[in-house]
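Report on the structure given below.
These numbers come from the heavy atoms of this one structure, side chains and all, not from hydrogens, waters or symmetry mates. Note that this is a predicted model, so its numbers are computed, not measured. Read the numbers this way: they start at 1 and go in the same order the structure lists the ligands and their atoms.
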Amino acid sequence: MKKILVANRGEIALRIMKSAREMGIATVAVYSEADRNAPHVQYADEAVCLGPPPSNQSYLRGDKIIASAQQLGVDGIHPGYGFLSENGDFANAVEEAGISFIGPSAKSMRIMGDKLSAKEAAKAFDIPLVPGTEGALEDPQEAMEVCRKIGFPVLVKASAGGGGKGMRIVEKEENLEEEIHSAISEAESAFGNGAVFIEKYVASPRHIEVQVLCDKHGHQVHLYERDCSVQRRHQKVVEEAPSAVLSPQLRAQMGQKAVDVARSCDYVGAGTVEFIMDADHNFYFMEMNTRLQVEHPVTEMVTGIDLVKEQIKVARGEKLGFAQKDIPLQGHAIEVRVYAENARENFMPDIGKLRVYRRPHGTGVRVDDGFEEGMDMPIHYDPMIAKLVTFGQDRDEARQRMIRAARDYQIVGVTTTLDFGVYVMEHPAFISGDFNTHFVQNHFDPASLTPASREYEEEAALLTAYLLEEREGETRAAPQTASTTPSRWKTRRTR
Ligand code: ADP
Ligand code: ADP
Ligand code: MG
């Protein structure tokens with residue numbers, strides 16, 4: 001493989017190109033008109049504009065991406081996450097064009113892309129499943145019987161759902177039928193597939209997922225787990241590796257089950273098997289994500305293995321270079337997803353310009369991002385600004401380092417989840433390891449958020465000065481602040 005096209009944008013496009021470059025592979029970026037000056041475009045050796053900003057006219061145009069790849073003599077396409085990464089038709093079309101798709105086969109994607117067929121495949125390999133209905137719901141009576149047996153609350157889930165969407169908690173029997181109907185029509189409009197099913201709603205659940213890696217020669221290994229239990233809207237915000245609650249025995253057991261799930265769909269490449277774990281440490285298979293995961297860096301930090309390089313090697317047909325027993329697990333890593341969101345206001349998305357953008361540095365700190373100072377948050381795509389990852393000899397060092405790095409991170413102009421990250425790191429429940437996916441609901445008090453940046457006090461003083469200035473300006477003829485040299489607070493907002 002001499003030239004790779006990255007069919008994605010932002011931090012993940014950059015992250016993939018960096019590994020390619022280290023392997024001596026040339027890179028091609030694709031971009032929408034909104035991303036013309038984006039870092040991933042500048043970093044690549046070549047770049048192709050796909051079209052207008054909306055994804056369906058740019059990053060989802062598989063046909064254009066493949067045509068450009070052919071024109072430029074590309075021999076591999078990496079899809080990143082989101083966009084076309086889990087689209088079996090795209091993977092097939094890439095291969096048919098004579099280009100390697102850096103990911104699993106279309107067949108594996110189809111099996112695992114649908115939560116019901118994923119469960120069916122896993123069942124044949126004796127993987128523990130969350131109690132619930134087996135196929136898509138057809139008969140309300142049958143659904144009711146299953147729910148009575150497993151007990152309320154239950155979760156109605158869209159088989160084609162993803163990104164935390166397409167799930168409804170049903171607390172009481174009398175709401176079940178109505179909720180199922182709503183879930184079906186919602187799934188139809190959101191995913192073009194109305195298949196829904198019921199799962200027991202696991203109480204006090206932890207989200208624990210296992211990274212797997214498989215070559216084309218029948219070797220499969222796992223790279224241990226990531227604990228992604230700190231979530232909002234069923235979406236992850238803080239992840240860590242290893243989990244604070246797994247014993248070595250349980251780690252080995254879950255790892256083996258994850259490898260079995262991979263085998264159940266003849267998986268090739270890097271993938272993630274997600275489990276939900278109850279308070280008694282019973283774990284159940286939820287789904288498999290057939291791509292590189294957002295939070296893969298924490299695994300890289302504790303194993304020392306570059307997952308993107310491994311994906312490329314597997315796609316080139318190489319055998320895995322290590323056996324299960326040779327995979328190190330050292331230290332501890334934590335990731336905070338830095339979203340343009342306001343945790344004070346129920347994690348409402350924020351937009352704006354990154355007026356000030358200064359990354360933290362130092363030992364054990366990794367920032368994966370795709371922005372530079374002065375850039376606007378695009379409205380068309382995911383609101384994630386960056387992933388802040390810290391590594392430490394142990395969990396406490398990684399945690400303390402995260403607090404330090406989050407405070408060193410200076411982002412002005414857009415409200416971010418950095419302050420929430422610090423809140424989590426300092427919370428006794430997180431420190432003790434005794435928390436679950438209801439962390440936000442059970443422990444988060446927006447009123448006690450303190451801004452992440454150490455500069456805050458200085459900012460607050462500036463804000464006061466600015467407001468005074470502004471008030472004075474109102475009583476005078478012309479406002480004082482010139483647009484070319486704005487007062488620092490003209491462009492600032494509190495976090
Ligand atoms: P991960 O599963 O890698 O931890 P997310 O669940 O946040 O991360 O999903 C990764 C990306 O894929 C995000 O950009 C998310 O919006 C997108 N995504 C995943 N599944 C879907 C889906 N079914 N529909 C739309 N977007 C999705
Ligand atoms: P998605 O495809 O959107 O990622 P998942 O099945 O992975 O869907 O579930 C997303 C999140 O929803 C999980 O991380 C967990 O927090 C919650 N969840 C899913 N299934 C259950 C369940 N049966 N009981 C409790 N929580 C669940
Ligand atoms: Mg999931």
Side-chain angles (χ1 to χ4, degrees), residues 81-82 85-87 109-122 127-134 137 143 146-147 149-171 179 183 186-187 190-191 193 195-212 225-240 243 245 254 258 261 271-296 335 337 347 382 435-444:
Y81 57 71
S85 63
E86 292 170 280
N87 183 319
M109 280 190 207
R110 286 194 187 116
I111 294 173
M112 291 299 160
D114 181 276
K115 294 190 206 295
L116 279 168
S117 63
K119 281 168 186 267
E120 200 176 296
I127 311 293
L129 303 177
V130 187
T133 55
E134 275 186 12
L137 289 182
V146 171
C147 290
K149 206 155 73 189
I150 62 180
F152 285 87
V154 298
L155 205 55
V156 183
K157 266 192 186 181
S159 192
K165 298 182 189 87
M167 270 178 286
R168 281 160 179 263
I169 302 170
V170 184
E171 306 277 354
E179 291 283 358
E186 199 179 273
F191 312 111
N193 174 353
V196 304
F197 60 96
I198 283 171
E199 256 180 22
K200 180 169 179 57
Y201 187 68
V202 177
S204 313
R206 288 182 86 111
H207 174 118
I208 295 182
E209 59 185 35
V210 178
Q211 176 71 52
V212 296
E225 80 283 1
R226 295 183 286 260
D227 193 322
C228 315
S229 300
V230 181
Q231 308 182 341
R232 47 98 182 76
R233 298 189 283 266
H234 298 301
Q235 291 171 340
K236 305 154 189 170
V237 226
V238 176
E239 299 104 338
E240 62 180 316
S243 166
V245 291
M254 290 180 82
V261 171
T272 297
V273 179
E274 296 189 338
F275 295 101
I276 193 130
M277 179 181 268
D278 68 17
D280 298 324
H281 291 188
N282 299 305
F283 64 90
Y284 308 95
F285 170 61
M286 260 191 317
E287 64 160 349
M288 179 171 190
N289 292 326
T290 56
R291 55 175 158 88
L292 190 65
Q293 202 98 341
V294 173
E295 58 276 18
H296 76 277
E335 171 180 285
R337 297 195 192 188
F347 296 89
D382 199 279
F435 59 96
N436 54 49
T437 61
H438 306 307
F439 181 92
V440 169
Q441 190 188 318
N442 294 346
H443 303 299
F444 179 46

Are the charged groups of [X] and [Y] less than 4.0 angstrom apart, N to O?
| X | Y | result |
| --- | --- | --- |
| R226 | E239 | no |
| E199 | K115 | no |
| E186 | R168 | yes |

Quick check: are there more than 12 heavy atoms from other residues, nucleotides or ligands sitting under 6.0 Å from CD of E179?
yes
Using a 4.0 Å cutoff against the non-hydrogen atoms of T437, which atoms of ligand 2 qualify?
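Taking each heavy atom of T437 in turn, ligand 2 has 16 (O) under 4.0 Å.
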Below 4.0 angstrom from a heavy atom of K157, which ligand 2 atoms are there? Numbered from 1 as shown, please.
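Here the atoms of ligand 2 in question are 6 (O), 19 (C), 20 (N).
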Restricting to N, O or S atoms, which atom of E274 is closest to the Mg ion (ligand 3)?
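Within E274, restricted to N, O or S, the Mg ion (ligand 3) is closest to atom OE1.
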Answer key: the N, O or S atom of E287 nearest to the Mg ion (ligand 3) is OE2
Atom 27 (C) of ligand 2: which of I198, N289, I276 has the nearest heavy atom?
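That would be I276.
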From the candidates H234, Q231, E274, the one that places a heavy atom nearest atom 16 (O) of ligand 2
Q231
Is there at least one pair of N or O atoms, one from [X] and one from ligand 2, spaced under 3.5 Å apart?
| X | value |
| --- | --- |
| M167 | no |
| Y201 | no |
| G164 | yes |
| V202 | yes |

At a 4.0 Å cut-off, with the gap strictly under it, does some heavy atom of K115 reach an atom of ligand 2?
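The answer is yes, since K115 has a heavy atom less than 4.0 Å from ligand 2.
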